[in-house]
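Hydrogens, waters and symmetry mates are skipped; everything else that's a heavy atom, side chains included, is used.
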2 protein chains.
Amino acid sequence: MAEAYYQRLTDRLRDALLLEHSSWVDADGKLPAERILAQRFKTTRVTLRQALAQLEGEGRIHRSNRRGWFVSPLRLEYDPTRDAGFNDYVTAQGRLPRTEVLSLATSPHAPAANALGLSVNHPFYHIRRRRYVDERAVLVESLWVVPERAPGLLEERFEFSLWKLLREQWHLSLSHRSISMVSEALQGTDASELGVASGTAGLNICRTIFDDAHLPVEYDEEHWLHDALSIRVELKGTH
Amino acid sequence: MAEAYYQRLTDRLRDALLLEHSSWVDADGKLPAERILAQRFKTTRVTLRQALAQLEGEGRIHRSNRRGWFVSPLRLEYDPTRDAGFNDYVTAQGRLPRTEVLSLATSPHAPAANALGLSVNHPFYHIRRRRYVDERAVLVESLWVVPERAPGLLEERFEFSLWKLLREQWHLSLSHRSISMVSEALQGTDASELGVASGTAGLNICRTIFDDAHLPVEYDEEHWLHDALSIRVELKGTH
DNA sequence: TAGTGGTCTAGACCACTCT
DNA sequence: GAGTGGTCTAGACCACTAC
């Protein structure tokens, strides 16, 4: 096989996109309708969508709801080992952050209890947030905080850094952190809250945090759009 | 829309896979042929493949060449901030590691030069390897080492840890490390060396390494199958 | 050589968004 | 209400793998 048609199509579309968004893309970064593109490239929607899916995998374009395909903005650089707040590092990269609190509750949660070594019935403060970069929803997250560590926490506002709150209002240290990252397919609530199709590629980041007395403090899960971030870790240790 | 048929199909297949590989899967972890599955679920291959692609995104199954769909093994836990050798941490998790050297050369490489702050014509020792876990190829990597740091390096064997070699034979410290991770779509050489279709989801890990005198030592790129690893970082810093 | 996955066609209907 | 993406059908041929 010389090369599949959709592969050549992918290359042509990619080139067109790199060409300063040329004439393919409108002011909002939106691509023409699939039927238009299919016609223009003399193929069917199925084949065209294969090419678009490939570019989606490369992180160059994405789709929003049923609204169409859009050019993806630059990836955000994110260091999950730092405790800089979302608003801080987004702003530092010249982007516009925004946070929405989706829900606040007190309830048990087995995975959090498990990760923190508590009994499965142990209650947590549960905070769920959606975060935006330049008005694009890029992640949803759930945080489960051990109530004993921060009594009355839910009275606070959560548009800003939770860690800053824990450090400054409750004088907690967040010294032992275990972070895991795996690729995932966004589904169910996560997908719909991000306004993407079920199955869209995502990245799952989990943290488990203990203070310097080894007491459990917090467990959280972030679900990112895969094309929204580039993880970057700087190490200056001597090994 | 209640729910798409392929979504329910995905759920049924996922359940069947979790059921101790039940009767769907043969001894090698291979699923039945697409045409068989499509018939069994009274749908077309296109729709069936949507469901399979979803499970692939979840990291539960993968395909190899044109050989078919296979259940994916457990993810390998990998800490890119540690300098433990591949063979060490794979073995430590009860898995079988293997490394193949694909090529050795001396040549310039612009991205490496760029990352290390050298001129674009600067030559590097270039080592390309393919690594296996339990005889499944899970990553290909290229390493570019600054020749001045390790003269004669290419005389060595590279089936084992390069970092160990650099530390023990050339007494280099690898103290300043910058690591970046982004999702990618495997393509071209990377995809074919891993025996997967172009466009398969992958994870790209790049490192830039300087010694404790801030001299450039090495730059490397790893291309992993997305479902083969779970990144895990442990931090004990005080912040 | 038979069977498989990879690719492709030419349609169709529905749910949703936009105006 | 028009247009769009999401889903689905019922085929087809080809390149490659396994036997």
Legend entry - Partners passing side chain to side chain contact (heavy atoms under 4.5 Å, CB included) against A/Asp11 (at least two apart in sequence or in another chain): A/Glu3, A/Arg14

Inset, instruction - Output every pair passing ring pair (Phe, Tyr, Trp, His ring centres under 6.0 Å) with a member in residues 45-68 of chain A, not counting sequence neighbours, ordered by first then second residue. - result: none

Legend entry - Set of residues satisfying side chain to side chain contact (heavy atoms under 4.5 Å, CB included) with respect to A/Arg75, sequence neighbours excluded: A/Ser230, B/Val182, B/Ser183

Inset, instruction - Can you run down the side chain to side chain donor-acceptor pair (under 3.5 Å) pairs that involve residues 27-37 of chain A, sequence neighbours left out, and say none if there aren't any? - result: A/Glu34-A/Arg45, A/Glu34-A/Arg49, A/Glu34-A/Trp69

Contacts under 3.5 Å, N or O only, protein and nucleotides 17-19 of chain D:
{"residue": "D/dA18", "atom": "OP1", "partner": "B/Arg67", "partner atom": "NH1", "Å": "3.4"}

Legend entry - Residues forming a salt bridge (Lys or Arg N to Asp or Glu O under 4.0 Å) with A/Glu184, sequence neighbours excluded: none

Legend entry - Test salt bridge (Lys or Arg N to Asp or Glu O under 4.0 Å) applied to B/Glu100 - qualifying residues, sequence neighbours left out: B/Arg98, B/Arg130

Inset, instruction - Check salt bridge (Lys or Arg N to Asp or Glu O under 4.0 Å) between B/Glu218 and all other residues, then give those that pass, not counting sequence neighbours. - result: none

Legend entry - Under the side chain to side chain contact (heavy atoms under 4.5 Å, CB included) test, residues paired with B/Leu154 that sit two or more places apart: B/Leu104, B/Thr106, B/Tyr125, B/Ile127, B/Phe158

Inset, instruction - Identify, residue by residue, the members of residues 43-57 of chain B with a heavy atom below 4.0 Å from DNA chain C, and return them in order of residue number, or none. - result: B/Arg45, B/Arg49

Inset, instruction - Return the set of residues passing side chain to side chain contact (heavy atoms under 4.5 Å, CB included) with A/Asp79 (not counting sequence neighbours), or none when no residue passes. - result: A/Thr81, A/Arg82, A/Val233

Inset, instruction - Using five pairs at either end of the helix from C/dT1-D/dA18 to C/dC18-D/dG1, determine the angle between the two local helix axes and round it to 10 degrees. - result: 10°

